**Student:** 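Before I ask anything, let me first share the structure, which is written out below as structure tokens.
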Amino acid sequence: MHIPHLHDWAVTPREAIALQKQLAGQLVLDRPLDLSAIRHVAGVDVSVREGLSRAAVVVLSFPDLQVVETVLADAPTPFPYVPGLLTFREGPVLEEAFARLKTEPDALIFDGAGCAHPRGIGVASHMGLWLGRPSVGCAKTRLTGWSAGPGPLQGEAAALLARPPTSAEPSPPCIGAVLRTRANVAPVYVSPGHLIDQASAVALVSACLSRFRLPEPVRAAHRAAALTAASQPKLSGV
DNA sequence: GCGACAG
DNA sequence: ATCTTGTCGC
């Protein structure tokens with residue numbers, strides 16, 4: 001798919017933070033997404049091993065969730081892991097993977113945060129901006145925010161607030177949802193990335209669940225990105 | 001100063 | 001994320 005160059009990835013941590021503050025203002029987080037119009041959903045993930053990053057974007061048909069396209073991209077890991085700056089570690093290789101994608105997914109689900117981020121722009125939001133497509137963040141653990149925790153039943157959800165409630169601020173801004181994708185199993189942290197609102201983000205992730213904790217698109221991407229001995233790229237080709 | 005901290 | 005054996009449960 002075509003990808004406009006929004007900015008340079010090779011920046012210092014302080015420049016990265018300045019970029020995030022600037023880009024956060026461009027996010028559209030109040031737009032409902034009509035799931036009945038969705039034909040393809042992509043799962044996105046990156047694995048890292050010994051300085052090599054492998055990105056995977058797997059497109060599934062929707063709502064039947066069958067894999068229709070898988071693209072991979074390898075590149076040296078350019079940035080250390082710094083909480084809040086994950087996009088600058090995964091962005092370059094993700095951009096390359098998306099450039100190889102032929103199918104135009106109607107929505108993207110990332111293994112990471114959307115707007116539930118210290119500056120409101122996690123990897124799902126940031127890449128959603130680069131790609132100009134509806135995106136959702138589905139993280140396995142919390143980066144920021146507070147929640148009372150969802151009930152134990154499958155499908156239960158609780159609001160993820162920017163900060164814990166206080167007497168001075170009874171209802172802090174809602175930045176996402178903590179969703180119980182399987183009964184009595186650790187919940188996932190869902191937050192809209194770009195061009196989608198929270199309700200639609202939760203609805204999309206919910207519609208992509210099968211019998212596992214993570215939505216199918218993310219599971220497929222996670223497996224595709226896995227850096228195992230058998231999937232190491234050959235160093236010499238002819 | 002101390003604790004928290006996506007992948 | 002990755003390093004790692006066995007083990008509990010459907």
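Since the structure is predicted, the reported quantities are computational estimates derived from the model, not experimental observations. So that the names make sense, note that chain A is the first sequence line, chain B the second, and so on, each numbered from 1.
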**Student:** I need the CZ-P distance between A:Arg54 and C:dA1, as an integer number of Å.
**Tutor:**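 That distance rounds to 15 Å.
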
**Student:** Taking only N and O in the side chain of A:Lys140, is any of them less than 4.0 Å away from OP1 or OP2 of B:dA6?
**Tutor:**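 Result: no.
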
**Student:** Quick one: A:Phe88 CZ to B:dA6 P, roughly how many Å, whole number?
**Tutor:**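 Nearest whole value for this atom pair: 17 Å.
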
**Student:** Could you tabulate the donor-acceptor pairs under 3.5 Å formed by side-chain atoms of residues 159-169 of chain A, not counting sequence neighbours?
**Tutor:**
| from | atom 1 | to | atom 2 | distance (Å) |
| --- | --- | --- | --- | --- |
| A:Arg163 | NE | A:Glu169 | OE1 | 3.1 |
| A:Arg163 | NH2 | A:Glu169 | OE2 | 2.8 |
| A:Thr166 | OG1 | A:Ala168 | N | 3.4 |
| A:Thr166 | OG1 | A:Glu169 | N | 2.9 |

**Student:** Could you tell me the separation between the CG atom of A:Asp111 and the C1' atom of B:dG7, rounded to a whole number of Å?
**Tutor:**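 Those two atoms, CG and C1', are 7 Å apart.
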
**Student:** CZ of A:Arg213 versus C1' of B:dA6: gap in Å, rounded?
**Tutor:**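 Rounded to whole Å, this separation is 12 Å.
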
**Student:** For the side chain of A:Ala139, starting at C-beta, report the closest nucleotide among B:dG7, B:dC5, C:dT2.
**Tutor:**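 For A:Ala139, the side-chain atoms sit closest to B:dG7.
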
**Student:** Should A:Thr141 be listed as having a side-chain N or O under 4.0 Å from OP1 or OP2 of B:dG7?
**Tutor:**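 Yes.
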
**Student:** Nearest to the side chain of A:Glu90, which nucleotide is it out of C:dA1, B:dC5, B:dG7?
**Tutor:**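 My answer, after comparing the listed nucleotides, is B:dG7.
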
**Student:** For a quick check of understanding: with a heavy-atom distance under 4.0 Å over all strands, which category does A:Gly137 fall into, base, sugar-phosphate or nothing?
**Tutor:**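 The residue A:Gly137 makes no contact with any strand.
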
**Student:** On the nucleotide B:dA6, are OP1 or OP2 found under 4.0 Å from the side-chain N or O atoms that A:Tyr81 carries?
**Tutor:**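 Checking B:dA6 against A:Tyr81, a side-chain N or O does come within under 4.0 Å of OP1 or OP2.
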
**Student:** CE/A:Met127 to CZ/A:Arg133 distance, rounded to the nearest 0.5 angstrom?
**Tutor:**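 Output value for this atom pair is 13.0 Å.
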
**Student:** Counting the atoms with a prime plus P, OP1 and OP2 as sugar-phosphate, which does A:Leu85 contact under 4.0 Å by heavy atoms, base, sugar-phosphate, or nothing?
**Tutor:**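 Base, at least one base atom sits under 4.0 Å.
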
**Student:** Would the A:Trp130 and A:His2 ring centres measure less than 6.0 Å apart?
**Tutor:**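 Ring centroids of A:Trp130 and A:His2 are no less than 6.0 Å from each other.
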
**Student:** A:Trp146 CH2 to B:dG3 P: how many Å, rounded?
**Tutor:**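 Atom CH2 in A:Trp146 sits about 23 Å away from atom P in B:dG3.
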
**Student:** Grab the stems for DNA chain C, please: at least three consecutive Watson-Crick or wobble pairs, both distances below 3.5 Å, written as range with range.
**Tutor:**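 Output for stems: empty, none.
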
**Student:** Salt-bridge test for A:Arg54 and A:Asp74: reply yes if a basic N is under 4.0 Å from a carboxylate O, no otherwise.
**Tutor:**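 A salt bridge links A:Arg54 with A:Asp74.
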
**Student:** Would you be so kind as to tabulate the donor-acceptor pairs closer than 3.5 Å made by side chains of residues 82-94 of chain A, with sequence neighbours excluded?
**Tutor:**
| from | atom 1 | to | atom 2 | distance (Å) |
| --- | --- | --- | --- | --- |
| A:Thr87 | OG1 | A:Val123 | N | 3.4 |
| A:Arg89 | NH1 | A:Phe79 | O | 2.8 |

**Student:** Please determine whether the number of non-hydrogen atoms from other residues, nucleotides or ligands lying under 6.0 Å from atom NE2 of A:His40 exceeds 12.
**Tutor:**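 Enclosed: over 12 neighbouring heavy atoms sit under 6.0 Å from NE2 of A:His40.
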
**Student:** With the side chain of A:Arg142 defined as its heavy atoms from C-beta on, choose the nearest nucleotide among B:dA4, B:dA6, B:dG7.
**Tutor:**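 That would be B:dA4.
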
**Student:** Tell me which one of A:Val28, A:Leu29, A:Leu108, A:Val136 satisfies side chain to side chain contact (heavy atoms under 4.5 Å, CB included) with A:Ile196.
**Tutor:**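 Single side chain to side chain contact (heavy atoms under 4.5 Å, CB included) partner of A:Ile196 among A:Val28, A:Leu29, A:Leu108, A:Val136: A:Val136.
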
**Student:** To the nearest Å, give me how far apart CZ (A:Arg211) and C1' (C:dC10) are.
**Tutor:**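 The answer, rounded to whole Å, is 9 Å.
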
**Student:** Whole angstrom is fine here: how far is it from NE2 in A:His222 over to C1' in C:dA1?
**Tutor:**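 From A:His222 NE2 to C:dA1 C1': 9 Å.
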
**Student:** Separation of A:Asp45 atom CG from C:dA1 atom C1', in whole Å?
**Tutor:**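 Checked: the CG to C1' distance equals 9 Å.
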
